[in-house]
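What follows is a single structure, written as structure tokens, with notes after it.
For clarity, every value in this text was computed on a predicted model and none was experimentally measured.
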Amino acid sequence: MSSILLLAVPLLPLLLAVFIGLRPGQARLNRLVPWAALPGLLLAALAPTGLEATFDSLLMGTHLAVDPTGRAFLALTAGLWLAAGLFALGERRDDVRRERFYVFWLLALAGNLGLVLAQDAASFYLFFSLMSLSAYGLVVHSGKPEAWRAGRVYLILAVLGEVLLLAGLLLAVHAAGQSSLAAVAAARPEGWALALLVVGLGIKAGMLPLHSWLPLAHPAAPVPASAVLSGAMIKAGLLGWMRLLPLDATGHAVLGETLVLLGLAAAFLGVLVGVLQVRPKTILAYSSISQMGLMTVGIGLALLLPEARGWLLAAVTLYAVHHGLAKGALFLTAGMQNQWPGTRLARAAFVLFTLLPALALAGLPFTSGALAKNTLKGPLAPDALPGWLAHTELLLTLAAAGTTVLLLRFLWCWQAGLRAPANGLDRHRWWAWGSLALTGLLLPFGVLVVGPGGLPVEPRDLYGLALLWPIALGLVLAGIAYRLIRDRETPRVPEGDLAVLAEAAWSAARRTHRSLALRPPRPHRMPARLRLLRLKLRQRLEDAERVLTRWETIGLLFSAAMLGLYLTLLVG
Amino acid sequence: MDGGWLLLAILFSSLGPGIAIFFLPEHRQGLRTALNLGGAGTKLALVGVLLAGVLRGDEYRFSLPLMPGIDLVLAADALSLLFASLSAVLWFVTTVYAIGYLEGSPRRSRFFGFFSLCVSATVGIALSGNLITFLIFYEILTLATWPLVVHRGTPAALRAGRLYLAYTLTSGLVLFTAIVWLTLLAGAEGFTPGGYLDGLAETHATTLQILFVLLMIGFGVKAALVPLHSWLPIAMVAPAPVSALLHAVAVVKAGAFGIIRVVNDVYGTELAIELGLTAGLLVVAAITIVYGSIQALRTDDLKQRLAFSTISQVSYIILGVALAGPLGIIGGLVHLVHQGITKITLFFCAGNFAETLGIHRISELDGVGRRMPLTMLAFTLGALGMIGLPPLAGFVTKWHLGLGALEAGMPWVLGVLVLSSLLNAAYFLPPVIRGWLGERREPWHEPLQAHAGPTRFETHWMLLFPVVFTAALGLLVGLFAGLGLSPLGWVSLIVRRDYSLPEFGL
Amino acid sequence: MTPANAEWLPAAIAGLVALSLVVAVLATAWPRQAHRVGLLGALAITAWVLGLSALFLNAGPDPEAAATRVALGGWEAPLGLMLHLDGLSMTLLVLTAVVGLATSLYSLGYVHDRIERRQFWPLWLWLWAGLNMLFLSGDAFNLYITLEVVSLSAVALVAFTGTAAAVSGAVRYLLVNILGSLSFLMGVVLLFGEHGVLDLLLLETRTEAGPTERMAAVLMTAGLMLKAALFPLHVWLAPAHGSAPAPVSAVLSGLVVTGSFYLILRLWMGVFAPLATPAFGILVGMLGVAALVWGSLQALRAGRLKSIVAYSTVAQFGYLLVAFPLMLVDPGAWRVVVFFAVVHALAKASVFLAAGTLQHAAGHDRLADLGDVLRARPRTVFALGLAGVSLMGLPFTGGFIAKYLLLEAGLGTVLAGSVIGVLWVLAIAGGGLLAAAYILRMVAPAFHRGHEDAGEAVSPWMDWVPLGLATVAALAGLAGTLTLNTLALTPGAP
Amino acid sequence: MNGLAETLAHTLAPGLLYPTAGAILFALGLYGLIRRHHLVLRILALNIMGSGVFMVLLGVAARGEGPPDPVAQALTLTGIVVAVSATAFALALVVHLTRLTGHAVMLPGPPDDDAPVEDISRGEHHADGGPAASDEDRPS
């Protein structure tokens with residue numbers, strides 16, 4: 001029974017994808033698309049603790065289970081996909097290629113849900129790559145040149161990530177002697193295995209410096225796709241880290257420090273580059289890089305402070321859920337630009353739905369952001385960490401200020417495009433957007449009410465003046481910046497920053513080195529010189545045979561043969 | 001000897017119809033099709049019987065004295081059944097495909113005659129019980145394939161045929177010499193798991209090394225090891241079913257199978273390691289893998305790309321064998337099956353595109369997924385399988401090869417796998433992406449309809465069914481790799497027996 | 001030897017000679033019915049030979065017991081003429097019968113003009129009778145006589161079409177043949193002068209490595225080399241074949257040349273065995289390698305189908321020469337050589353018959369213009385290809401087994417420490433590639449895309465006999481053990 | 001001088017004289033066969049060679065004590081019969097060739113590619129000559 005339940009979660013979307021693929025144009029089937037995520041959500045909500053199943057005949061033995069971390073991620077993933085799916089129903093209504101979109105959507109959904117449940121290396125990798133590759137279809141869906149370019153960068157990095165992940169998994173599995181994720185982590189991957197796992201998963205998590213696909217893919221992809229991409233899919237990398245890195249009582253100082261460093265760098269660079277962008281979705285993408293940086297810091301801290309790892313990992317999970325909901329809602333916000341309603345009540349709701357996730361992300365008291373941020377900082381006693389790491393808390397707080405600036409920039413750029421809908425409000429979109437925003441609002445209370453369930457949260461984490469001053473700082477900074485650049489051309493960093501450099505390097509290399517330009521190998525042909533030689537040889541042979549045919553030659557050879565035979569008989 | 005008749009029957013189930021077809025007048029289409037399918041079906045059934053028998057533990061052996069002291073030996077062990085079942089299944093599918101593909105074209109009697117001969121030779125190779133028997137069928141295969149390669153009769157086809165013969169016959173001679181030499185030294189022993197040359201290791205170490213190199217040259221040409229591979233990409237001018245046969249079922253596989261036999265059942269892995277032979281083979285295989293992939297990247301012609309991909313992929317098999325540990329060998333052997341299923345799918349698809357829509361180049365594939373979704377789906381499954389993505393067959397291979405490399409203490413091989421996977425993705429994803437996501441503006445040019453009229457499906461059903469079948473098979477053998485009867489299960493059985501390891505693996 | 005065999009074998013041997021002669025005489029005397037006589041005769045001779053071989057094999061396995069000598073007229077050697085049957089001659093008799101029967105059947109279709117029929121059949125039957133006697137003769141002078149019978153009837157057959165080219169080729173063939181015969185005779189005379197006997201077995205017991213024997217050996221070997229078209233004395237072969245009718249070419253390349261080679265082999269295994277030196281072996285082997293290369297190159301050059309096949313004979317006989325040095329190291333290798341010659345004869349005859357069919361259909365045999373006919377006649381091309389595969393020495397044919405055994409012998413010499421053996425191995429292995437190249441030249445046009453034209457209609461005999469014979473050549477591989485065992489029934493030979 | 005005379009006498013004894021003369025005839029015949037282009041001359045040369053062989057045979061027969069070996073004489077007779085028939089056959093061929101080409105010389109050998117092709121099975125007879133002989137084979 002449990003096996004059916006667990007298998008149904010990734011299988012239902014797959015089945016639906018097959019049906020839609022086989023019978024495109026069936027409106028009834030299309031309406032089912034959002035609900036394909038529902039089993040996941042139900043499982044997350046209702047599954048008994050320790051639900052698991054093993055399938056020996058699938059791949060090299062497949063193990064699926066719902067563990068506490070998985071449950072949180074499953075809930076986030078399924079919920080976000082459900083909401084975004086609803087949004088997509090409305091948003092894609094006039095798209096002639098919507099079936100294609102839905103198929104890729106469902107495939108990616110199946111992968112995303114599956115990887116949360118997967119407990120062994122092979123199936124984790126299976127769902128991970130299913131998700132990554134299917135998402136490509138979402139990124140390039142519009143078919144515009146910009147989308148193709150974004151898709152290319154996305155695909156290159158995704159494939160790179162997958163291959164590195166596989167190599168890392170193989171190394172780790174070999175070291176562990178078995179392929180269950182728990183065993184792999186317990187065997188503490190070292191050296192190459194560790195590096196490959198961190199980088200392979202890091203690409204998905206938008207880790208510096210392999211983050212470039214995010215700011216390219218997000219603006220190019222349709223809005224709901226961006227929402228799940230930023231809200232759910234990039235969390236897969238994070239989940240992978242949590243499952244595979246040596247997050248045990250020993251910890252791993254070097255990796256921890258590296259991750260904290262990388263995370264902080266991402267947090268600040270994401271803000272810095274993000275504020276120099278103009279397109280709302282690009283800004284949100286950089287915000288995601290920045291936020292993922294914070295979560296990376298969390299993982300790093302868990303490695304540095306093994307005794308607090310339970311707390312920190314719970315905090316990272318909470319942060320991931322919070323960020324997923326908020327960022328998902330914000331991306332949907334970006335897709336609501338043409339839904340500016342006419343009535344006052346509706347306008348109020350519009351503003352509310354817009355601000356709720358934004359404020360949550362900024363960490364306003366009583367939002368999920370406040371709870372998440374405070375929980376994350378919880379174990380950071382002033383002298384818990386050596387050296388520069390002691391300033392981590394301060395840096396985190398500063399990053400929060402940056403988040404505020406970035407969100408202001410987003411809202412600023414976004415509101416410029418607000419307009420009324422051409423033909424009425426889109427119910428699907430409103431429902432999806434609204435419910436997501438409200439879920440985000442309810443999240444902290446839910447966590448507190450339903451019971452921490454092992455989460456180290458307390459009601460007082462929800463408020464506190466300490467949460468306000470980064471916001472205030474952000475507001476001040478934003479004001480200064482606004483004054484500075486109000487009348488000038490905004491300095492720009494091209495979207496995708498490093499990817500642009502890589503592209504330039506690649507085309508330069510191609511120009512200088514022609515073999516890089518894809519030319520078909522030349523078919524083999526006999527060179528003309530050889531052919532001439534062959535003709536000549538032919539003529540020579542004929543002449544020689546003519547000479548042999550002369551009677552003089554025959555006689556000579558006959559005599560010579562006799563002589564030769566006689567001599568050889570004598571020699572012996 | 002009782003069981004021997006079954007082996008002969010398997011051999012003759014394609015040989016007999018083949019000869020009959022050869023002498024059939026061109027217009028007897030119905031009879032020809034019946035003979036073809038009857039032969040293929042019979043063979044499939046007989047191989048099934050054999051499979052059941054071997055699982056039961058029965059002995060099957062047929063021998064016929066050829067020369068004093070030297071016999072023609074057919075025997076069925078687990079390894080030969082692996083190859084025999086693969087070729088029986090894929091032959092059936094290819095036959096259906098070829099009937100559809102060649103509908104209405106001239107000289108079908110000749111084609112199917114040699115086609116059947118080709119498969120008989122392949123099954124003969126699979127069932128060979130010693131090196132000489134292997135050689136006999138191996139050379140028959142060479143000869144039977146040539147008419148298929150040149151079947152189109154164009155100058156390019158004939159050039160390809162010439163090159164093919166030049167390569168394979170030369171290598172055949174090298175092989176021939178090596179086998180005669182080996183037989184002089186060690187006698188005409190049958191294949192023995194673990195090898196039968198132990199007694200010579202002390203006295204003839206250098207000779208054995210030279211012989212190994214000669215044998216590898218002999219088999220390496222068909223297995224398209226760099227630098228002996230040049231014939232393969234050129235031979236892709238042959239009709240699609242032939243390419244499928246060349247790349248997936250018969251020729252290339254025969255070479256790889258020969259290498260497996262030599263390493264496992266003639267030298268034995270222990271001796272091969274001791275003499276330092278596997279290390280060399282490993283390096284060659286690694287170079288081939290990377291080289292093939294790079295070349296594949298450089299061409300826009302779909303079939304040529306597939307051909308270069310074969311060069312790369314077949315070396316996975318050899319890589320696995322050269323790793324010479326249980327997991328590596330599992331990876332190699334299982335890829336024998338997986339590569340076959342996957343590559344045949346891809347060639348079928350390429351044939352379908354060419355036949356139905358006249359598409360030969362990757363740059364023409366834009367939007368083909370809308371016109372031929374099933375074929376494109378099959379192509380996608382094949383391509384992703386080649387890249388090694390789960391849950392497709394190729395992933396199972398890559399997984400075991402990777403673990404095998406680590407088990408053998410050669411992590412650099414993992415690097416080769418990584419590089420190859422990246423390159424695989426680089427040359428296999430673009431056609432997939434174009435097919436599904438590209439946009440085609442002008443209407444399709446449909447040569448198939450010109451002579452076959454409108455079809456109910458996206459193309460002729462005889463072209464479509466094989467594609468769908470093999471693609472599904474490629475998915476299933478990967479997805480259900482854990483089943484005992486899957487290729488992986490079967491291969492594990494073989495290796496467990498050879499290594500007499502009670503428990504291993506992951 | 002069972003009593004029945006003891007009684008029957010000598011009678012059967014004498015009967016075979018008598019039968020062949022009677023058939024030939026009948027055909028000559030009764031030219032109108034020559035083809036009927038010929039067909040019946042061919043069947044009868046074949047049946048007789050097969051029966052004889054059954055008796056012979058039954059008499060084994062002791063070579064001394066099986067080998068039989070028949071004194072004609074009851075006059076024993078040294079005075080009388082001896083017929084001599086052993087494993088070697090038995091094998092060649094069977095070969096002759098098989099090729100002879102196929103040729104006869106083929107000729108039924110090929111020679112259909114009434115006047116030509118009258119001329120063809122008697123000549124052909126005389127040739128066959130001559131060959132039978134050649135293989136059965138145990139007497140040096142008698143061998144000369146039978147050689148002449150074979151040569152003269154062969155020359156007449158070559159000249160048969162009566163065109164200038166044919167007659168000219170025939171004259172060349174004749175002159176070369178007489179030169180060879182005279183040379184052979186000179187050797188016989190020298191031997192006779194030295195030892196006063198002509199019977200080969202008696203000679204064998206008396207010869208030692210003396211100067212006269214050496215001189216005789218040189219004269220006889222050179223003469224026979226000329227007749228066997230061994231390189232570099234091969235030049236008469238291609239012109240003779242070029243214009244001879246197809247069945248004649250088949251017999252010429254398959255049997256006549258093999259007959260001369262048989263004599264060389266027989267002499268060097270028996271009478272001259274004490275004379276052989278390693279240097280001699282190397283010289284002959286070198287000639288063999290040269291023949292392989294030269295013949296193949298010429299076959300690759302030649303523009304006519306039958307010339308290609310003729311040069312292929314030159315090349316293939318190179319193998320037989322290469323075998324000489326092998327025999328010096330491994331005396332048992334001679335059986336391999338004979339087996340190779342047998343397989344070659346079968347394959348070569350079928351290639352010539354197939355070529356004849358194509359030539360008949362097209363009206364010419366210029367390879368460049370033969371494509372249409374080749375494409376339209378897959379059956380004949382298949383025969384050509386199948387026999388060609390046997391010539392290349394590829395499985396599953398008799399050629400493969402022969403090649404295998406040759407290579408085994410060659411590698412055996414290398415392993416025994418002979419450096420030059422590497423050359424023999426290379427030649428044996430590489431020769432197959434050259435063969436593949438020129439056979440491909442003949443077959444490939446059938447696969448070109450192009451016009452089809454079956455040309456002139458051919459009789460079913462011409463359609464099927466080449467294929468049948470090619471199949472026999474291919475399946476000869478299965479008879480490898482049988483042939484080698486038969487050959488083992490040769491007394492005195494290793 | 002005595003020695004020379006003795007040697008001469010010894011040499012002139014039929015036992016050695018005949019074989020020596022035979023060998024010389026054989027060699028001369030071979031030379032003639034090679035150097036002469038006219039076919040009748042060539043056939044004559046062959047006959048001279050044959051005579052050489054028979055002389056050797058006769059000399060051999062006369063060797064030793066007692067009467068000559070009758071076997072050798074019988075062989076010689078047989079040999080002459082064979083030689084006569086072969087010569088007759090050869091001459092007949094030459095006559096035929098001369099009728100066809102107008103010359104009693106051979107056509108050049110192997111440049112076979114453009115030689116005319118006859119196929120008796122098609123029943124077409126062309127009795128009117130092939131190409132003329134090349135310079136190389138013309139009688140000098």
Side-chain angles (χ1 to χ4, degrees), chain A residues 21-22 24 57 59-60 100 143 148 510 513-572, chain C residues 169 172 175-176 179-180 183 186-187 209-211 213-226 230-239 264 268 272 274-287 293-303 307 311 314 324-325 328:
Chain A
L22 286 178
S57 56
L59 286 175
M60 275 69 74
R100 191 178 77 188
W148 283 111
R510 240 167 102 153
H513 207 291
R514 298 179 53 154
S515 72
L516 288 173
L518 304 182
R519 267 168 221 284
R522 287 251 284 278
H524 291 241
R525 261 201 98 103
M526 194 186 266
R529 202 149 36 92
L530 258 175
R531 259 178 298 170
L532 196 68
L533 199 71
R534 202 170 62 171
L535 277 180
K536 264 190 190 159
L537 187 68
R538 214 165 246 210
Q539 190 58 45
R540 289 279 150 74
L541 279 172
E542 192 174 328
D543 295 346
E545 187 72 359
R546 201 173 276 143
V547 170
L548 280 182
T549 318
R550 282 195 199 138
W551 276 90
E552 284 85 350
T553 327
I554 295 182
L556 204 65
L557 286 174
F558 184 62
S559 314
M562 286 207 276
L563 189 67
L565 288 175
Y566 193 73
L567 287 179
T568 51
L569 287 183
L570 276 182
V571 166
Chain C
R172 186 191 306 275
L175 294 186
V176 165
L179 176 59
S183 183
M186 189 63 131
E213 279 90 350
R214 243 176 243 137
M215 200 60 226
V218 165
L219 280 166
M220 293 169 90
T221 310
L224 289 171
M225 277 175 76
L226 202 53
L230 297 179
F231 184 83
L233 304 173
H234 64 276
V235 285
W236 59 270
L237 192 75
I264 299 182
W268 280 99
F272 298 141
L275 302 179
T277 62
F280 168 74
I282 290 173
L283 175 69
V284 176
M286 290 291 192
L287 284 182
V293 175
W294 188 258
S296 305
L297 287 177
Q298 291 295 344
L300 283 171
R301 171 197 65 82
S307 300
Y311 279 116
V314 174
F324 266 86
L328 292 177

Please give me the minimum heavy-atom distance between C/Glu213 and C/Phe272, naming the atom from each residue. O-CE2, 4.0 Å

C/Ala217 portion near chain A, given a 4.5 angstrom heavy-atom threshold: side chain

Would you mind checking which part of C/Leu297 comes under 4.5 Å of any heavy atom in chain A, side chain (CB onward), backbone (N, CA, C, O), both or neither? both

Main chain of C/Met220, side chain of C/Ser183: is a donor-acceptor contact present, judged purely on distance under 3.5 Å? no

Pick one of side chain, backbone, both or neither for C/Trp236, based on which atoms fall under 4.5 Å of a heavy atom in chain A. neither

Answer with side chain, backbone, both or neither: which region of A/Ala560 has an atom nearer than 4.5 Å to a non-hydrogen atom of chain C? neither

For the pair A/Thr549 (side chain) and A/Glu545 (backbone), establish whether a donor and an acceptor sit closer than 3.5 Å, ignoring hydrogens and angles. yes

Do the side chains of C/Leu219 and A/Tyr566 get nearer than 4.5 Å, heavy atoms only? no

